[in-house]
Chemist: 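Would you mind keeping the following structure in view while I ask a few things?
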Amino acid sequence: MRRFAYLLAPLLLAAAGCTATTEQPERPAPATRAERPSPFADCTPLTVAPAAASPTSPGKAVSPALAGKAGDQLPDLTLNCFTGGTPVSLRDVKGPAVINVWASWCPPCRKELPAFQRLSERADGRFQVIGVNSRDSRGGAQSIGEDYGVDFPMLLDQGDAFQRALGRNAFPLTVLVDADGRIRHTDATGALDDARLAALLQRHLGVRV
């Protein structure tokens, strides 16, 4: 009987060892939450002239509204695009263009964004509408873009370099640029509506919307 027990013990241990050392299949790592797609458009078209843009008329009067800046080229700055890709040099942006500087924490900025979205939908290849998100968080800009249905191209300027180069410290800020890439007007009067935007484009860029 004892001999039988000695013979049986290794078999039991082997069986127990097999059970104990059998590797359990690894559980797959939890899937990383996919990043939400950007609501904004790609910035590549910003360096291509609008298809139906009219050239700036020779001798066109420069608006005096921006002392020391009207008639200047856009600042020599390069900003990242919200959607990634190659950063955009402002000097390479092709006008006519309407540049809206905004932040998600700024109530007047949020109020006027739908008017800029409608303006971009009425551009019809004659001009570009460009956003510059400044002093803001990426998440804040993303949420506002989604909530307000804003889909025009968006540049990022977390250090407000664009405003400092213009000598302006206002939110919101709108900059009108002609077909030659020169600043014709800036507006810091508060939230703009459709009628005010249309008047500014006609007066300073000669574009009817």
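Residue numbers run from 1 in the order of the sequence given. Being a predicted model, the structure only gives us computed values, none of them experimental.
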Chemist: Which atom pairs, donor and acceptor, lie under 3.5 Å between side-chain atoms of residues 79-91 and protein residues at least two apart or in another chain?
Modeler:
from, atom 1, to, atom 2, distance (Å)
Ser89, OG, Arg91, N, 3.4
Arg91, NE, Leu74, O, 2.4
Arg91, NH2, Leu74, O, 3.4

Chemist: Which pairs pass disulfide (SG to SG under 2.5 Å) with one or both residues in residues 131-176, sequence neighbours excluded?
Modeler: none
Chemist: Identify, with sequence neighbours excluded, every residue that meets ring-ring contact (aromatic ring centres under 6.0 Å, His included) alongside Phe162.
Modeler: none
Chemist: What heavy-atom pair brings Ser137 and Gly140 nearest, and what distance separates the two atoms?
Modeler: OG-N, 3.0 Å
Chemist: Please collect all salt bridge (charged side-chain N to carboxylate O under 4.0 Å, His left out) contacts where either partner lies in residues 138-150, sequence neighbours excluded, each pair once.
Modeler: Arg36-Glu146
Chemist: Give, for atom CG of Leu166 and atom CG of Asp72, the distance between the pair rounded to the nearest 0.5 Å.
Modeler: 9.0 Å
Chemist: Go through the structure and list residues passing side-chain contact (heavy atoms from CB on, under 4.5 Å) with Ala49, not counting sequence neighbours.
Modeler: Lys94
Chemist: Working to the nearest 0.5 Å, report the span between CG of Asp193 and CZ of Arg118.
Modeler: 9.0 Å
Chemist: So which heavy atom on Thr186 is nearest to which on Ile183, and how close?
Modeler: CG2-CG2, 4.2 Å
Chemist: Test: disulfide (SG to SG under 2.5 Å). Region: residues 96-168. Which pairs qualify, not counting sequence neighbours?
Modeler: Cys106-Cys109
Chemist: For Asp136 and Ser104, does a side-chain donor sit closer than 3.5 Å to a side-chain acceptor?
Modeler: yes
Chemist: Listed by chain and number, what are the side-chain contact (heavy atoms from CB on, under 4.5 Å) partners of Ala198, not counting sequence neighbours?
Modeler: Val209
Chemist: Do the side chains of Leu176 and Leu200 get nearer than 4.5 Å, heavy atoms only?
Modeler: yes
Chemist: Hey, are the side chains of Leu192 and Thr174 touching, using non-hydrogen atoms and a 4.5 Å cut-off?
Modeler: yes
Chemist: Under a 4.5 Å cut-off applied to non-hydrogen side-chain atoms, are Val129 and Asn100 in contact?
Modeler: no
Chemist: Only counting residues at least two apart or in another chain, list the ones meeting salt bridge (charged side-chain N to carboxylate O under 4.0 Å, His left out) with Asp42.
Modeler: none
Chemist: How far apart are the C-alpha atoms of Thr78 and Asp92, what are their side-chain angles, what is the distance that settles it, and do they pass the side-chain contact (heavy atoms from CB on, under 4.5 Å) test?
Modeler: CA-CA 9 Å; Thr78 298; Asp92 291 337; over 6 Å; no
Chemist: Please determine if Arg122 and Asp194 form a salt bridge, counting it only when a charged side-chain N lies under 4.0 Å from a carboxylate O.
Modeler: yes
Chemist: Can you tell me how far apart NE2 (His204) and CZ (Arg184) are? Round to the nearest 0.5 Å.
Modeler: 11.0 Å
Chemist: According to side-chain contact (heavy atoms from CB on, under 4.5 Å), who are the partners of Ala161, at least two apart in sequence or on a separate chain?
Modeler: Leu77, Asp157, Arg164
Chemist: Does any pair with a residue in residues 87-124 pass ring-ring contact (aromatic ring centres under 6.0 Å, His included), and if so which ones, sequence neighbours excluded?
Modeler: Trp105-Phe171
Chemist: State whether the side chain of Gln128 and the backbone N or O of Leu46 hold a donor-acceptor pair below 3.5 Å, judged by distance alone.
Modeler: yes
Chemist: More than 12 foreign heavy atoms under 6.0 Å from CD of Glu121: is that the case here?
Modeler: yes
Chemist: Do Gln163 and Val101 touch side chain to side chain, with heavy atoms closer than 4.5 Å?
Modeler: yes
Chemist: For the residue pair Val93 and Val177, establish whether any side-chain heavy-atom pair is separated by less than 4.5 Å.
Modeler: no
Chemist: Got a sec, which residues hit side-chain contact (heavy atoms from CB on, under 4.5 Å) with Ala191, two or more places apart in sequence or on another chain?
Modeler: Pro108, Lys111, Glu112
Chemist: Determine whether Leu173 and Asp187 make a side-chain contact, defined as any pair of heavy atoms from C-beta on separated by less than 4.5 Å.
Modeler: no
Chemist: Check Pro50 against Gly95 and note the closest heavy-atom contact, atom names and distance.
Modeler: CD-O, 3.4 Å
Chemist: Could you check if a side-chain atom of Val207 sits within less than 4.5 angstrom of a side-chain atom of Gln202, using non-hydrogen atoms only?
Modeler: no
Chemist: Could you list the donor-acceptor pairs under 3.5 angstrom formed between side-chain atoms of residues 149-156 and any protein atom two or more places apart in sequence or on another chain?
Modeler:
from, atom 1, to, atom 2, distance (Å)
Asp151, OD1, Gln117, NE2, 2.8

Chemist: Can you find a heavy atom in the side chain of Gln142 that is under 4.5 Å from one in the side chain of Pro39?
Modeler: yes
Chemist: If you take all heavy atoms of Ala141 and Asn133, which pair is closest and at what distance?
Modeler: CB-OD1, 3.5 Å
